[in-house]
Chemist: 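Submitted below is the structure of interest, expressed as structure tokens.
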Number of protein chains: 2
Amino acid sequence: MMGAPKISTAESAVMEALWRKSPLSAEEIAAEVAEPQGWTLATVKTLINRLLKKAAIGATPEGRRYLYHPLAPRADWLAAESKGLLDRLFDGRLAPMVSHLSQAKALTGDDIAALRKLIAEIDEEDAQ
Amino acid sequence: MMGAPKISTAESAVMEALWRKSPLSAEEIAAEVAEPQGWTLATVKTLINRLLKKAAIGATPEGRRYLYHPLAPRADWLAAESKGLLDRLFDGRLAPMVSHLSQAKALTGDDIAALRKLIAEIDEEDAQ
DNA sequence: CGGCGACGTTTACCGATGTAATCGATGGGC
DNA sequence: GCCCATCGATTACATCGGTAAACGTCGCCG
């Protein structure tokens with residue numbers, strides 16, 4: 001029934017590791033995330049447990065330990081987070097955000113170019 | 001030194017009220033935000049105080065009470081929040097987010113149209 | 001075969017946040 | 001002049017999130 005008990009930012013680092021490669025053991029996850037974040041193995045274990053309770057990841061026994069894997073695709077999470085921001089700040093619509101960033105001069109020429117290309121591609125798809 | 005001690009979501013409701021109209025008294029702010037949120041005056045006062053401590057709003061004495069006003073423009077906040085999401089999820093770039101939303105079919109025709117129009121406008125500005 | 005080490009599990013603790021009641025000063029009405 | 005209503009300020013308390021140590025179990029090495 002309930003979809004997603006919100007993954008916290010610390011937890012999302014673990015998720016990202018598992019989305020990159022899974023299944024992984026706790027040790028392996030720690031190896032992936034501990035260094036950039038400066039976390040101890042204990043911390044990573046806590047995060048893994050919270051994610052298990054949130055049913056964001058699953059565990060399968062492997063010898064005397066578990067291997068963990070994501071239970072939802074990264075795309076779903078990206079979409080939910082993005083939609084959350086758009087809803088919260090921009091009435092749920094993308095254009096106002098882009099407009100705002102543009103006016104705030106927060107877009108590089110590359111960004112604009114990439115956007116233009118995207119729009120063209122989307123239009124093309126639509127045409128088919 | 002430190003720029004902005006992060007405005008929480010509850011606090012942001014107060015900020016939004018002040019961005020719509022300021023200066024306002026605590027009572028007036030409460031009138032603006034309490035109803036949709038279901039908050040008591042006490043709660044609003046707490047939020048006001050936390051925002052004062054965070055230096056997100058300022059207060060000027062008016063008779064025997066204060067009138068409050070934002071200390072930073074809403075645009076700055078919008079930009080910071082937006083940039084935060086982009087940095088966290090999309091390598092700081094806008095195009096990947098748009099691309100993602102598009103693939104997730106989270107964009108309506110109107111969104112695309114608005115985007116196309118925006119790009120055109122931005123291009124025009126650049127041209128000048 | 002007994003202790004050590006690796007695992008997962010439980011507990012801990014602090015700051016932030018959501019939500020609110022209580023306190024202390026103070027000015028205005030009677 | 002005094003008491004109450006009204007402000008802001010202080011205190012309260014539960015939950016969540018970040019970060020981590022302590023605990024219990026169980027297989028493996030010696």
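We name chains A, B, ... by the order of the sequence lines, and we start the count at 1 in each one.
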Chemist: Using a cut-off of strictly less than 4.0 Å, decide whether B/Thr9 has a side-chain nitrogen or oxygen near OP1 or OP2 of C/dT17.
Modeler: no

Chemist: To the nearest angstrom, how far is A/Arg64 atom CZ from C/dC4 atom C1'?
Modeler: 11 Å

Chemist: Are B/Glu11 and B/Lys54 close enough for a salt bridge, meaning some N to O gap below 4.0 Å?
Modeler: yes

Chemist: When all nucleic acid strands are considered with a 4.0 Å heavy-atom cut-off, which category describes B/Arg65: base, sugar-phosphate, or nothing?
Modeler: sugar-phosphate

Chemist: Just checking A/Thr43: base, sugar-phosphate only, or nothing, at a heavy-atom cut-off of under 4.0 Å?
Modeler: base

Chemist: Would you kindly compare B/Arg50 and B/Lys45 by the position of their nearest DNA chain D nucleotide and give the one closer to the 5′ end?
Modeler: B/Lys45

Chemist: Can you check the A/Asn49 CG to C/dT11 P distance for me, whole Å?
Modeler: 12 Å

Chemist: C/dT17 C1' sits how many Å from B/Leu51 CG, rounded?
Modeler: 12 Å

Chemist: Rounded to the nearest Å, what distance is computed from the CG atom of residue A/Leu47 to the C1' atom of nucleotide C/dT10?
Modeler: 15 Å

Chemist: Give the rounded distance in Å between these two atoms: CG of A/Leu52 and C1' of C/dT9.
Modeler: 11 Å

Chemist: Got a second to check how far B/Met97's CE is from A/Leu115's CG, nearest 0.5 Å?
Modeler: 11.0 Å

Chemist: I'd like to know whether B/Leu101 forms a side-chain contact (heavy atoms from CB on, under 4.5 Å) with A/Leu86, so could you lay out the CA-CA distance, the side-chain angles of the two residues, the decisive distance to 0.1 Å, and finally the verdict.
Modeler: CA-CA 11 Å; B/Leu101 289 172; A/Leu86 291 179; 3.9 Å; yes

Chemist: To the nearest 0.5 Å, tell me how far A/Ile57 CD1 sits from A/Tyr66 OH.
Modeler: 12.0 Å

Chemist: Hey, what do you get for CD (B/Glu81) to CG (A/Leu89), rounding to the nearest 0.5 Å?
Modeler: 5.5 Å

Chemist: List, one per line, each side-chain donor-acceptor pair under 3.5 Å for residues 68-76 of chain A, sequence neighbours excluded.
Modeler:
{"residue": "A/Arg74", "atom": "NH1", "partner": "A/Glu16", "partner atom": "OE1", "Å": "2.7"}
{"residue": "A/Arg74", "atom": "NH1", "partner": "A/Glu16", "partner atom": "OE2", "Å": "2.7"}

Chemist: Could you tell me the separation between the NZ atom of A/Lys45 and the CG atom of A/Leu41, rounded to the nearest 0.5 Å?
Modeler: 4.5 Å

Chemist: Measure NZ/B/Lys53 against P/C/dT17 and give the value in whole Å, please.
Modeler: 13 Å

Chemist: Go through it in stages, so that I can follow the logic: the residues are B/Met15 and B/Trp77, the test is side-chain contact (heavy atoms from CB on, under 4.5 Å), and I'd like the CA-CA distance, side-chain angles, deciding distance and then a yes or no.
Modeler: CA-CA 10 Å; B/Met15 294 304 290; B/Trp77 178 69; over 6 Å; no

Chemist: Nearest whole angstrom, please: distance from the C1' of C/dT19 to the CD of B/Gln37.
Modeler: 12 Å

Chemist: Check each residue of residues 16-29 of chain B for a non-hydrogen atom within less than 4.0 Å of any atom in DNA chain D, then write out the ones that pass by number, or none.
Modeler: B/Ala26, B/Glu27

Chemist: Closest to the B/Trp39 side chain: C/dT9, C/dA12, C/dT19?
Modeler: C/dT19

Chemist: Give the first and the last nucleotide of DNA chain D, reading 5' to 3', that has any atom under 4.0 Å from a heavy atom of chain B.
Modeler: D/dT6 to D/dA12

Chemist: Going from CG on A/Leu24 to CG on A/Leu18, what distance comes out if it is rounded to the nearest 0.5 angstrom?
Modeler: 5.5 Å

Chemist: Quick check for you: among C/dG5, C/dA20, C/dT17, whose closest atom lies nearest to any side-chain atom of B/Ala42?
Modeler: C/dA20

